[in-house]
Amino acid sequence: MGERLPIRIPIEGDELDAWWYAPEDVDGPAPCVVLAAGFGGIKEMRLAAYAERFAAAGLGALVFDYRSFGASSGRPRNLLEIKRLADYHAAVSAARSRPEVDSRRVAVWGSSMSGGTVVLVAAEDPSIAAVVSQAPLADGRAALVHMVKRSATHVLGLGVAGVRDALGARLGREPHTVKSVGRRGEQGAVLATADAYEGMLRLLPADVPYDNEVSARVILSLPFFRAVETAPGSPAPCWSR
């Protein structure tokens, strides 16, 4: 297993907490993959397993936490900006600046919400070499419709919480949060499907602190997150599974 180097990436007065995995058994600058967790997640949720595989295959890997999540700085905490493009661009720039990296061959990798984010990042940055989108949230509007069909009451409760949070933000209040992941049917949790909570526990090491909450206003912006509209125009090769 290759060595993991902790690094900090400056962005707009804050810092992204990141791990750098150098490519193994490679002479000269190598390709690199930049990775981030999905909805409300942190890098400790098994992203190291992907990065280690990339490094073993001769690619560099940079894994980071979004601002206000995990060990990254940023206030208020758990404020989920649905696109998060600036954070990803900063991480890509940090990867390109490393001497071990061929700056012309930097790919982006995302899962869940980040799976949609990487498509948007590549659309803004034509120098991205490739996009890997795993089980992506590609159409927030369709996702919201699906949630309503499952339980309109659940979505209504999240919507009320979102309005409360958005109004509070205008008054300078701390975010009103909801659970990122809950047990099946749990009110006040964004992801409350049959296997969501147990799946989160399998990904998260027992000794890693995790708030399991996001700012409720994210539910109001979900219908406007539509990477599916951007993907056909992205200049980078895109793999989705």
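Every heavy atom of this structure was used, including side-chain atoms; hydrogens, water molecules and symmetry mates were not.
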Working for side-chain contact (heavy atoms from CB on, under 4.5 Å), residues Y210 and M200
CA-CA 10 Å; Y210 177 57; M200 178 194 71; 3.5 Å; yes
Taking C-beta and beyond as the side chain, do W20 and V63 meet within less than 4.5 Å on heavy atoms?
no
Closest non-hydrogen atoms of A196 and G182, given as atom of the first, atom of the second and distance, are CB-O, 4.2 Å
With a 3.5 Å distance limit and no angle check, can you tell me whether R226 reaches the backbone of P223 through a side-chain donor-acceptor pair?
no
Please check: side-chain N/O of R77 versus main-chain N/O of G70, any donor-acceptor pairing under 3.5 Å?
yes
From CA spacing to verdict: side-chain contact (heavy atoms from CB on, under 4.5 Å), F225, L120
CA-CA 10 Å; F225 185 81; L120 300 174; 3.9 Å; yes
Which atom names give the shortest non-hydrogen contact between A95 and C32, and what distance separates them?
CB-SG, 3.9 Å
Using modelled atom types only, decide if a donor and an acceptor are shared between the side chain of T177 and the backbone of E213 within a distance under 3.5 Å.
no
Return the set of residues passing ring-ring contact (aromatic ring centres under 6.0 Å, His included) with Y88 (not counting sequence neighbours), or none when no residue passes.
F64
Flag the pair L80 / S215 as yes when at least one side-chain heavy-atom distance between them is below 4.5 Å, and no otherwise.
yes
CZ of R8: more than 12 outside heavy atoms within 6.0 angstrom?
yes
Output yes when E15 and R67 qualify as a salt bridge under the 4.0 Å nitrogen-oxygen rule, no when they do not.
no
Nearest heavy-atom pair of A55 and A22: which atoms, and what distance?
CB-O, 3.5 Å
Does L79 offer a backbone N or O that forms a donor-acceptor pair with the side chain of S68 under 3.5 Å?
yes
Does any N or O in the side chain of S114 come within less than 3.5 Å of the main-chain N or O of A37, such that one atom is a donor and the other an acceptor?
yes
Using a 4.5 Å cut-off on heavy atoms from C-beta on, say whether the side chain of L137 contacts that of T117.
no
Hey, is R96 close enough to D125 for a salt bridge, meaning N to O under 4.0 Å?
yes
Any chain of hydrophobic side-chain contacts (each under 4.5 Å) joining L156 to L191?
no
Could you tell me whether a side-chain N or O of N78 sits under 3.5 Å from a main-chain N or O of V214, the two making a donor and an acceptor?
no
Under a 4.5 Å cut-off applied to non-hydrogen side-chain atoms, are E124 and T230 in contact?
no
Residues at least two apart in sequence or cross-chain that pass ring-ring contact (aromatic ring centres under 6.0 Å, His included) with Y50, listed by chain then number, are W109
Count the heavy atoms belonging to other residues, nucleotides or ligands that lie under 6.0 Å from CD of Q187, then report whether that count exceeds 12.
yes
Residue pair V178 / A161: nearest heavy atoms and the distance that separates them:
CG1-CB, 3.9 Å
Closest non-hydrogen atom pair between P99 and P29, with its separation:
O-CG, 4.1 Å
Flag side-chain contact, heavy atom, 4.5 Å: D165 against V163:
no
Under 6.0 Å from the six-membered ring centre of Y21 and within 45° of its axis: does the NZ or CZ of R4 meet both?
no
Is there a side-chain contact between I42 and V208 (heavy atoms, below 4.5 Å)?
yes
Just by modelled atom types, is the G38 backbone N or O under 3.5 Å from a matching donor or acceptor in the S111 side chain?
no
Indicate yes or no for a side-chain donor-acceptor contact from H154 to the backbone of A189 under 3.5 Å, with no hydrogens or angles considered.
yes
Using every non-hydrogen atom in the two residues, find where V34 and A91 come nearest and quote the distance to one decimal.
CG1-CB, 3.8 Å
Test item: L158 and M147 side chains (from C-beta on) under 4.5 Å apart, heavy atoms
yes
Given V108 and V132, is the side-chain contact (heavy atoms from CB on, under 4.5 Å) satisfied, shown in steps?
CA-CA 6 Å; V108 289; V132 182; over 6 Å; no
Please check: side-chain N/O of D17 versus main-chain N/O of S72, any donor-acceptor pairing under 3.5 Å?
no
Go through it in stages, so that I can follow the logic: the residues are R173 and L171, the test is side-chain contact (heavy atoms from CB on, under 4.5 Å), and I'd like the CA-CA distance, side-chain angles, deciding distance and then a yes or no.
CA-CA 6 Å; R173 296 173 181 167; L171 297 174; 3.7 Å; yes
Does V228 offer a backbone N or O that forms a donor-acceptor pair with the side chain of D139 under 3.5 Å?
no
